[in-house]
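Reviewing the structure listed below.
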Amino acid sequence: MNTSNRNQQAAKLSDLLLSWYDSERRILPWREDPTPYHVWVSEIMLQQTRVDTVIEYYQRFLRELPDVKALAEAEEERLLKLWQGLGYYSRIRNMHKGAIQVMEEYGGEIPGTPKELQKLSGIGEYVAAAISSIAFAYPIPSVDGNLLRVYARMTGYEESIRTTAARKVATAYYEEILDRTRPGDMNQALMDLGATICLPNGAPLCGKCPWQMHCEARRTGKEQQLPVKEEKKQRRKEKRTVLRIRTGDRVVIGKRPERGLLANLYELPNAEGWLTEAQAEEACRTLGYEPKAIRKLKPSKHIFSHVEWHMHAFEIEAEERPDASAAENVFFAAEKSALQEEYSIPTAFKAYMDF
DNA sequence: AATCCGGGGAT
DNA sequence: ATCCCAGGATT
């Protein structure tokens with residue numbers, strides 16, 4: 001079981017961890033049939049996103065796009081719709097590119113080494129290690145937030161874990177412990193340990209931890225102090241005004257730019273600052289719609305990772321102006337049913353999508 | 001090395 | 001309110 005060139009302590013740690021994993025591991029959809037494609041999809045969805053949130057998205061995604069070929073051939077609009085509400089939308093746009101790379105450059109076969117995987121769009125050091133270890137049994141640790149936290153506590157690491165240096169020493173640590181016969185299980189066991197035992201924020205459940213007798217933070221009573229957190233930058237606050245322009249049973253929406261926040265998603269017309277009724281009506285005319293009636297909607301707030309939108313909003317009953325030169329206008333009137341089924345509209349507008 | 005990029009659940 | 005989550009791309 002233990003390879004000869006690993007020291008005894010490393011072998012003991014991996015055995016403890018894998019035994020715990022064999023009885024306590026989480027049952028998750030992407031673990032049922034961990035093909036490279038399945039693992040890939042799950043790892044992209046799970047970036048900065050909780051397991052409970054991902055499960056339903058994962059199942060629907062695989063139902064509609066069962067293999068890398070289907071993904072490569074899909075329209076981006078459809079992908080964004082499947083991703084709607086999940087956040088970090090560039091993830092799926094990058095994965096789409098990656099799938100096309102697999103079809104064009106790898107003959108449709110997802111590569112199995114970290115080096116080749118990392119050439120694919122949207123796959124970085126972590127995901128490359130995760131896919132290669134879980135789907136190909138390639139012996140490499142996949143160091144995510146869980147592994148960094150577990151590392152800091154296990155070794156009593158007193159520096160910030162959000163640095164390149166921390167990732168480097170943590171990777172070396174797990175390289176040493178790694179059971180090279182079960183690399184995928186090692187990584188998933190560490191993620192489960194971090195997610196269910198070695199919890200962030202508040203008290204970890206050390207009494208249930210397979211490594212409790214070997215943990216430096218536990219020994220020194222620093223479970224709550226570690227890992228060391230870096231100060232978070234404050235979010236900037238932005239005032240915006242959202243317009244819900246209705247023409248009969250249609251509503252005006254537009255496609256956002258292909259770069260930046262919420263790239264390529266659809267939105268209600270909106271502007272910087274808090275507009276007056278007169279300014280809102282003028283903005284409406286600029287879009288090619290003549291306002292007939294206007295009323296204030298309830299203000300709302302949406303928090304992104306790095307910015308807050310403090311939104312005012314108006315509903316405007318309007319008529320499309322035949323003279324309006326809609327040629328260069330990205331905004332158009334969409335059917336209500338298409339809003340549900342076709343266009344991907346981010347959660348930021350949710351407060352104004354109920355009508 | 002910093003900054004940008006979403007959304008939601010737990011505390 | 002604050003934290004932070006199975007991070008990667010861009011600058």
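Worth saying up front: this structure is predicted, and the values here are computed from it rather than measured. Values reported hereafter were calculated over all heavy atoms of this structure, with side chains retained and with hydrogens, waters and symmetry mates removed.
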Applying a 4.0 Å non-hydrogen cut-off, can you work out what [X] is touching in the nucleic acid: base, sugar-phosphate, or nothing?
X         : value
Leu193(A) : nothing
Lys232(A) : base
Gln188(A) : nothing
Lys301(A) : sugar-phosphate
Thr164(A) : sugar-phosphate
Arg235(A) : nothing
Trp30(A)  : base

Open item on the list: If you define the side chain from C-beta out and look only at heavy atoms, does anything of Gln101(A) sit under 4.5 Å from Ser121(A)?
Closed with: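 Yes, at least one pair of side-chain atoms sits under 4.5 Å.
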
Open item on the list: Any heavy-atom pair between the side chains of Glu76(A) and Arg93(A) that's under 4.5 Å?
Closed with: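 The answer is yes; the side chains approach within 4.5 Å.
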
Open item on the list: Tell me which one of Trp40(A), Tyr58(A), Tyr57(A) satisfies ring pair (Phe, Tyr, Trp, His ring centres under 6.0 Å) with Trp30(A).
Closed with: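 When Trp40(A), Tyr58(A), Tyr57(A) are each tested with Trp30(A), the ring pair (Phe, Tyr, Trp, His ring centres under 6.0 Å) holds only for Tyr58(A).
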
TODO: Just say parallel, tilted or perpendicular for the rings of Trp274(A) and His312(A), cut-offs at 30° and 60°.
DONE: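 Parallel, since the angle between the ring planes stays under 30°.
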
- [ ] Walking along DNA chain C from 5' to 3', note the first and the last nucleotide with an atom under 4.0 Å from a heavy atom of chain A, and give both.
- [x]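 Contact boundaries, 5' end first: dA1(C) to dT11(C).
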
Open item on the list: How would you summarise protein contacts on nucleotides 5-11 of chain B per nucleotide, using B for base, S for sugar-phosphate only and - for none, with heavy-atom distances below 4.0 Å?
Closed with: BBBBB--

TODO: Answer yes or no: is there an ion pair linking Arg25(A) with Asp192(A), defined by an N-O contact shorter than 4.0 Å?
DONE: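 Result for this pair is no, no salt bridge flagged.
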
Open item on the list: Check Arg78(A) with Glu64(A), please: is the shortest side-chain N to carboxylate O separation under 4.0 Å?
Closed with: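 Arg78(A) and Glu64(A): salt-bridged.
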
TODO: Could you tell me whether Tyr266(A) and Phe331(A) have their ring centroids closer than 6.0 angstrom?
DONE: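 Tyr266(A) vs Phe331(A): aromatic centres not under 6.0 Å.
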
- [ ] Establish, yes or no, whether the cationic atom of Lys336(A) lies under 6.0 Å from the six-membered ring centre of Phe355(A) and within 45° of the ring axis.
- [x]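 Cation-pi check for Lys336(A) and Phe355(A): passes.
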
Task: Residue pair His306(A), Phe304(A): steps toward the ring pair (Phe, Tyr, Trp, His ring centres under 6.0 Å) verdict - done: CA-CA 6 Å; His306(A) 59 298; Phe304(A) 299 94; 7.0 Å; no

Task: Distance in Å, Ile134(A) CD1 paired with Met191(A) CE, rounded so as to fall on 0.5 Å steps - done: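 That separation rounds to 5.0 Å.
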
Task: Short side-chain donor-acceptor distance under 3.5 Å, Glu216(A) and Thr155(A) - done: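 Their side chains do not contain a donor-acceptor pair, so the 3.5 Å distance test is not met.
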
Task: Contact residues, residues 140-149 of chain A to DNA chain C [heavy atom, < 4.0 Å] - done: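 When residues 140-149 of chain A is checked for heavy atoms under 4.0 Å from DNA chain C, the hits, listed by number, are Asp144(A), Gly145(A), Asn146(A), Arg149(A).
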
Open item on the list: Give me the distance, rounded to whole Å, that separates dG6(B) from dT11(C) when you measure between the P atoms they each carry.
Closed with: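 Straight-line distance between the two P atoms is 15 Å.
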
Open item on the list: With rounding to the closest Å, how many angstrom separate the P atoms on dA6(C) and dT3(B)?
Closed with: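 My reading of the P atoms in dA6(C) and dT3(B) gives 24 Å.
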
